[in-house]
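Note sheet for the following structure.
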Amino acid sequence: MNDLKNAESAADSLAKGDLALKKFLLEECQMEYYHVGIPTDQEMDWDAYIPELKLHLMEYENDPFGIEWMKFEEGAPLPEIILKRPHVAFKITNFEKAIEHFPLLVPVSHPRPGMTTCFIEHKGIGVEFVSK
């Protein structure tokens, strides 16, 4: 299985040897791979625009490879690591309790109704936690 899709490997890496945290992420938070996000400067048939993030978005469900394509406008209020580098996203339950274990790169937000997200950093890329 591809390590990117392997939630157990991801949880192990994020837990940094803390077996209780790894178990918490996998069992209580039901951590599972969600998508990969790639910033682009290309024009596409965008599915959504999120004005507060200055972000044009193509939903991963609408891409044949499961990629969330993102085009940020000048002045987008996110760290360079999110604006310029790909990220991986994991769907989790117990969102509020899970994020207590990590320093946040991007604070908790609600980009769409019924969705909560935040980003942490892992080895120079963003890791997004999503709750739907």
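Residues take their numbers from the sequence shown, with the count starting at 1.
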Cluster companions of Leu26 among Ile, Leu, Val, Met, Phe, Trp, Tyr (side-chain spacing under 4.5 Å):
none
Gap separating the CG atom of Asp41 from the CZ atom of Phe72, nearest 0.5 angstrom:
12.5 Å
Considering all heavy atoms, the nearest Phe90-Ala10 contact:
CZ-CB, 3.5 Å
Hey, could you give me the CD1/NE2 distance between Ile50 and His56, rounded to the nearest 0.5 Å?
10.5 Å
Minimum heavy-atom separation for Tyr49 and Lys54, please, with both atom names.
OH-CA, 3.7 Å
Side-chain donor-acceptor contacts of residues 92-109 below 3.5 Å, not counting sequence neighbours, with atom names and distances?
residue : atom : partner : partner atom : Å
Thr93   : OG1  : Glu28   : O            : 3.0
Thr93   : OG1  : Cys29   : O            : 3.0
Ser109  : OG   : Thr117  : OG1          : 3.3

For the residue pair Trp46 and Met70, establish whether any side-chain heavy-atom pair is separated by less than 4.5 Å.
no
So, taking the atom named CE in Met115 and the one named NZ in Lys91, what distance separates them when rounded to the nearest 0.5 Å?
9.0 Å
At their closest point, which heavy atom of Trp69 faces which heavy atom of Asp63, and how far apart are they?
NE1-OD1, 3.0 Å
Leu55-Ile67 co-clustered via ILVMFWY side chain contacts under 4.5 Å:
no
Those residues that, when tested against Glu80, pass side chain to side chain contact (heavy atoms under 4.5 Å, CB included) (two or more places apart)
Leu83, Lys84
Side-chain donor/acceptor pairs under 3.5 Å, residues 118-132, sequence neighbours excluded:
residue : atom : partner : partner atom : Å
His122  : NE2  : Ser13   : OG           : 3.0
Glu128  : OE1  : His35   : NE2          : 3.3
Glu128  : OE1  : His87   : NE2          : 3.1
Lys132  : NZ   : Tyr34   : OH           : 3.1

Taken in chain and number order and not counting sequence neighbours, the residues that satisfy salt bridge (Lys or Arg N to Asp or Glu O under 4.0 Å) with Glu59 are Arg112
Which heavy-atom pair separates Ala7 from Met31 by the least distance, and what is that distance?
CB-O, 3.3 Å
If you measure from CG on Asp47 to CD on Glu68, what distance do you get to the nearest 0.5 Å?
10.0 Å
Under the rule for salt bridge (Lys or Arg N to Asp or Glu O under 4.0 Å), what residues qualify as partners of Glu43, not counting sequence neighbours?
Lys71
Do Leu57 and Phe65 land in one hydrophobic cluster if side-chain heavy atoms of ILVMFWY residues count as linked below 4.5 Å?
no
Would you say Leu14 and Leu21 are hydrophobically clustered, going by side-chain heavy atoms of ILVMFWY under 4.5 Å?
yes
